[in-house]
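In what follows, chains carry the letters A, B, and so on, assigned in the order in which the sequence lines appear, proteins first and then strands, with residues in each chain numbered from 1.
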Amino acid sequence: DAKTTQPTSMDCAEGRAANLPCNHSTISGNEYVYWYRQIHSQGPQYIIHGLKNNETNEMASLIITEDRKSSTLILPHATLRDTAVYYCIVRVDSYGQNFVFGPGTRLSVLP
Amino acid sequence: GAVVSQHPSWVICKSGTSVKIECRSLDFQATTMFWYRQFPKQSLMLMATSNEGSKATYEQGVEKDKFLINHASLTLSTLTVTSAHPEDSSFYICSARGGDYGYEQYFGPGTRLTVT
């Protein structure tokens with residue numbers, strides 16, 4: 001799997017948008033960008049994923065640059081419950097592939 | 001999305017004993033299950049991959065005789081930590097894939113093991 005780089009930590013004010021960047025400059029054409037988060041002492045929670053186009057769901061939006069070398073996860077109105085470690089993972093969607101977790105970004109939402 | 005459960009959510013055992021952790025897919029048939037380990041303030045590390053009815057494939061550096069994995073049915077995989085030692089204390093997380101969910105992987109809530 002391609003490697004990703006994320007900032008170690010970020011702060012965000014409650015109610016504001018949280019923009020979490022991820023660089024994946026060596027991504028292959030058939031690799032998807034996935035975002036998961038892990039709240040303390042819980043299992044990872046799926047947030048969103050995409051290939052080329054921007055994606056939006058009830059949790060977040062995913063913006064992927066045209067060259068696909070980077071992406072941004074946007075939490076539009078961060079709450080205290082969004083405090084977690086956010087993992088950006090690139091992966092081919094095939095049965096032989098699993099998720100390789102990097103260190104992620106520790107997001108702290110501040111009151 | 002699919003639901004994956006783990007039991008127990010936490011366990012304390014004495015050094016030298018064995019402990020079994022269960023991972024269940026509640027609403028789909030998991031053809032593949034994965035076991036991860038996470039030490040404090042570290043990321044998840046894949047330990048092994050198991051396909052239903054087959055022997056597990058272990059990642060480099062993971063002792064297969066110490067971490068016994070059984071995936072005997074499409075909804076249940078178990079991880080047994082044999083002769084546990086304090087250094088095995090960790091957060092163990094399973095994930096499952098299969099059924100109508102295709103390539104997606106769904107994670108369990110994790111099991112915290114403390115070996116005293």
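- The CG atom of B:L46 lies 12.0 Å from the CZ atom of A:F99; values are rounded to the nearest 0.5 Å.
- Environment of CE in A:M10: crowded, with over 12 heavy atoms of neighbouring residues, nucleotides or ligands closer than 6.0 Å.
- Residues B:F28 and B:L74 do not share a hydrophobic cluster, defined by chaining ILVMFWY side chains whose heavy atoms lie under 4.5 Å apart.
- For B:Y36 and A:Y36, the ring centers are positioned 6.0 Å apart or more.
- B:F91 and B:I69 fall into different hydrophobic clusters, where Ile, Leu, Val, Met, Phe, Trp and Tyr residues are linked whenever their side-chain heavy atoms come under 4.5 Å apart, directly or through other members.
- Within a 6.0 Å sphere centred on NZ of B:K66, heavy atoms belonging to other residues, nucleotides or ligands number more than 12.
- Taking 4.5 Å as the heavy-atom cut-off, the residues of residues 108-116 of chain B that approach chain A are B:G108, B:P109, B:R112, ordered by number.
- Under the 4.5 Å side-chain heavy-atom criterion for grouping Ile, Leu, Val, Met, Phe, Trp and Tyr, B:V62 is not connected to B:M33 through any hydrophobic cluster.
- Contact count against chain A (heavy-atom pairs under 4.5 Å) is highest for B:L44 among B:T49, B:I93, B:L44.
- With a 4.5 angstrom heavy-atom cutoff, A:P103 touches chain B only via backbone atoms.
- Using a 4.5 Å cut-off between heavy atoms, B:Q38 contacts chain A through its side chain alone, with no backbone atom that close.
- Residue B:Y58 places its OH atom among more than 12 non-hydrogen atoms of other residues, nucleotides or ligands, all under 6.0 Å distant.
- Side-chain contact between B:S43 and A:Y87 is present, with at least one heavy-atom pair separated by less than 4.5 Å.
- Annotation: residues 46-55 of chain A contacts chain B through A:Y46, A:H49 [non-hydrogen atoms, separation under 4.5 Å].
- Put simply, B:V4 and B:Y92 are part of two different groups of oily side chains (I, L, V, M, F, W, Y) that touch within less than 4.5 Å, one to the next.
- In this structure, the portion of A:Q38 lying under 4.5 Å from any heavy atom of chain B is its side chain and not its backbone.
- To the nearest 0.5 Å, atoms CD (B:Q105) and OH (A:Y34) are separated by 9.0 Å.
- Using a 4.5 Å heavy-atom cut-off against chain A, no residue of residues 80-87 of chain B qualifies as contacting.
- Residues of residues 58-86 of chain A lying under 4.5 angstrom from chain B, judged on non-hydrogen atoms, do not exist here.
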